[in-house]
Engineer: 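If you scroll down you'll find the structure; I have some questions about it.
The sequence lines fix the lettering, A, B, ..., with proteins before strands; numbering per chain opens at 1. Being a predicted model, the structure only gives us computed values, none of them experimental.
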There are 2 protein chains.
Amino acid sequence: MASKNLSRDIEKIAPSTMADVVELRLREYLKRKAFKPGDALPKELELAEALDVSRNVLREALSRLRMLGMIESRKKRGMILAEPDILGGFERVMDPLILDVKTLQDLFELRLVLEMGLADILFARMTDKDLKELEQIVNKEVNKVQKPFKVKHEIAFHGKLYQMTGNDTFRRFQNMLLPVFEYVVSEEAKINGQAKVGKVTHRDLLDLLKKGNPDDFRQGMKEHLSPHFERIRK
Amino acid sequence: MASKNLSRDIEKIAPSTMADVVELRLREYLKRKAFKPGDALPKELELAEALDVSRNVLREALSRLRMLGMIESRKKRGMILAEPDILGGFERVMDPLILDVKTLQDLFELRLVLEMGLADILFARMTDKDLKELEQIVNKEVNKVQKPFKVKHEIAFHGKLYQMTGNDTFRRFQNMLLPVFEYVVSEEAKINGQAKVGKVTHRDLLDLLKKGNPDDFRQGMKEHLSPHFERIRK
DNA sequence: TTTTGTTGATATGTTCTACATAAGGACGAT
DNA sequence: ATCGTCCTTATGTAGAACATATCAACAAAA
């Protein structure tokens with residue numbers, strides 16, 4: 001009987017298809033030639049011939065780059081380099097059900113780190129208008145402690161915080177992160193029962209934003225998230 | 001003469017190809033059916049027929065999912081759902097030369113936020129072994145203040161910090177972020193001259209890790225990165 | 001009985017051809 | 001200068017054919 005650990009001793013060969021190779025080559029090509037957004041690319045047939053692959057294989061690779069937003073193509077005009085969406089690939093993959101548990105844990109921690117690091121940029125950028133809007137969000141929370149409402153308010157409050165940074169990538173990023181976060185929390189709850197709630201409320205955080213400083217706010221945020229910080233001790 | 005602002009008044013129509021639609025449909029299908037990693041997918045021909053598209057179009061969509069790591073396929077065995085790499089899409093797009101300036105700025109800030117938020121998880125996870133290795137990195141920095149060395153040491157030191165969190169996604173993430181960061185810094189330098197250096201050195205940070213607490217460390221980190229924090233006041 | 005070699009079936013990988021379709025350019029009419 | 005018309009062209013889509021890896025079943029050998 002062969003060792004059951006054999007699969008850990010010998011690395012599995014990764015069968016790479018032509019589309020994989022062509023995709024890589026194209027990205028190298030674009031980088032090497034220092035194409036800028038708006039620049040025109042060679043025609044499909046020319047690329048296919050240069051790479052010595054069928055137009056089909058080439059198009060599979062191009063389709064990938066198109067998904068990432070790296071290229072745009074229209075009939076007759078041809079293909080041009082575009083400005084990719086940095087979070088596009090993320091968005092498609094951010095599904096708690098298909099990611100492995102280690103990655104989910106990593107993303108869970110990522111959100112905690114972001115919230116803790118947010119303070120400085122928040123204080124540098126927030127406006128009075130922002131604070132008023134945040135206050136309205138807090139006011140709506142009155143006594144709605146049932147589960148579904150609670151999650152909704154969490155999203156509204158923290159989402160607003162990210163939006164206040166003026167950093168749109170942040171905002172979108174945490175919008176994608178939150179479902180994962182909630183998933184991890186609810187899975188945790190199934191095992192260890194309902195998580196406790198931090199002593200610092202959203203209203204407390206709002207007050208800290210108004211009258212405090214970044215460090216005070218950060219301390220408040222840590223306390224607010226303290227039930228979740230329990231998870232990282234190991 | 002028509003208004004030149006017309007293009008801002010009317011939204012451009014986005015010509016979506018069949019591959020775009022099929023890709024979306026497939027992702028919805030996978031989600032709706034609650035496929036788990038390892039589950040087998042229908043055959044290409046069946047999918048193509050069900051979607052009423054040619055095998056070509058279907059394969060372009062499948063190629064995208066394959067790139068994201070969502071599916072794997074082998075001859076005869078067919079296709080199975082896989083665990084995607086959360087950062088795969090990121091990696092391909094993370095190129096300072098093709099991203100727009102706003103996104104670059106956003107990513108620049110993202111790194112700052114990460115460094116500031118890292119403290120708590122760092123103190124919770126770091127080991128004596130880690131500290132020793134970090135000390136070795138700091139020791140190697142002696143008097144090497146020339147530009148290329150400096151960057152190298154920055155990467156070594158901060159990279160080690162991320163690795164010490166035990167969060168592999170962090171580590172990879174910042175490895176991708178750093179080139180963007182360095183690019184933004186060097187572009188900035190072209191305009192405003194060489195950036196100043198923070199008063200807190202790597203060795204100071206190391207000492208804070210050994211003897212301090214998360215808040216002290218965070219303050220030190222903020223001071224260390226203070227030249228970069230200047231950029232976010234606006 | 002267990003292992004190894006052979007053979008056939010099958011799903012993906014790749015190529016080729018053909019045609020549809022949108023978009024640009026040239027040209028002329030209004 | 002604006003609007004049609006026609007032609008050209010590069011991408012989008014379809015379909016058929018073949019190559020190739022791999023599974024499964026069975027047979028041969030140890």
Engineer: I'd like to know whether the aromatic ring centres of B:F90 and B:F173 sit less than 6.0 Å apart in this structure.
Structural biologist: yes
Engineer: With the criterion being N/O to N/O and under 3.5 Å, what pairs connect the protein with nucleotides 21-26 of chain D, and how long is each?
Structural biologist:
none

Engineer: Find the distance B:I71:CD1 to C:dA11:P and express it as a whole number of Å.
Structural biologist: 16 Å
Engineer: So does A:T17 get a side-chain nitrogen or oxygen closer than 4.0 Å to the phosphate oxygens (OP1/OP2) of C:dT12?
Structural biologist: no
Engineer: So for atom NZ, which belongs to B:K102, do other residues, nucleotides or ligands contribute more than 12 heavy atoms lying within a distance under 6.0 Å?
Structural biologist: yes
Engineer: Please report, rounded to the nearest Å, how far the P atom of D:dG12 is from the CG atom of B:L58.
Structural biologist: 17 Å
Engineer: Rounded to whole Å, how long is the line connecting atom CD1 of A:I80 with atom P of C:dA23?
Structural biologist: 13 Å
Engineer: Which of these nucleotides, C:dT15, D:dT11, D:dA14, is closest to any side-chain atom of B:S54?
Structural biologist: D:dA14
Engineer: Does A:Q136 form a side-chain contact (heavy atoms from CB on, under 4.5 Å) with A:K140? I'd like the steps, not just the answer.
Structural biologist: CA-CA 6 Å; A:Q136 287 190 343; A:K140 280 187 186 165; 5.7 Å; no
Engineer: Check B:L114 against A:V113 and note the closest heavy-atom contact, atom names and distance.
Structural biologist: O-CG1, 3.6 Å
Engineer: So does B:R172 pair up with A:D106, basic N to acidic O under 4.0 Å?
Structural biologist: no
Engineer: Both B:D52 and A:G78 contact DNA chain D. Which one's nearest nucleotide lies toward the 5' end?
Structural biologist: A:G78
Engineer: Applying the side chain to side chain contact (heavy atoms under 4.5 Å, CB included) criterion to A:M164, which one of A:I121, A:D130, A:T127 satisfies it?
Structural biologist: A:D130
Engineer: How close or far is atom C1' of C:dA18 from atom CG of A:N56, stated in whole angstroms?
Structural biologist: 13 Å
Engineer: Let me know the distance between CD of A:E44 and C1' of C:dT15, rounded to the nearest Å.
Structural biologist: 15 Å
Engineer: Work out how much the helix from C:dT1-D:dA30 to C:dT30-D:dA1 bends between its end axes, five pairs an end, to the nearest 10 degrees.
Structural biologist: 20°
Engineer: Should the pair B:F181 and B:F108 be assigned to parallel (<30°), tilted (30 to 60°) or perpendicular (>60°) ring geometry?
Structural biologist: parallel
Engineer: Expressed in angstrom and rounded to an integer, what is the separation of B:L51 atom CG from D:dA14 atom C1'?
Structural biologist: 15 Å
Engineer: Of A:V57 and B:L41, whose nearest nucleotide on DNA chain C comes first from the 5' end?
Structural biologist: B:L41
Engineer: Please check this pair: side chain of A:R59 against backbone of B:V57, looking for a donor-acceptor N/O pair closer than 3.5 Å.
Structural biologist: no
Engineer: Select one nucleotide: of C:dT15, D:dA10, D:dG12, the one nearest the side-chain heavy atoms of A:K43.
Structural biologist: D:dA10
Engineer: Write down the distance between CE (B:M18) and P (C:dA22), rounded to a whole number of angstrom.
Structural biologist: 11 Å
Engineer: Would you kindly give the CD-to-C1' distance between A:E72 and C:dA23, to the nearest whole Å?
Structural biologist: 15 Å
Engineer: Taking the basic N atoms (NZ, or NE/NH1/NH2) and the acidic carboxylate oxygens, is any pair closer than 4.0 Å for A:R111 and A:E115?
Structural biologist: yes
Engineer: The side chain of A:R59 is closest to which nucleotide in this list: C:dG13, D:dT13, C:dT15?
Structural biologist: D:dT13
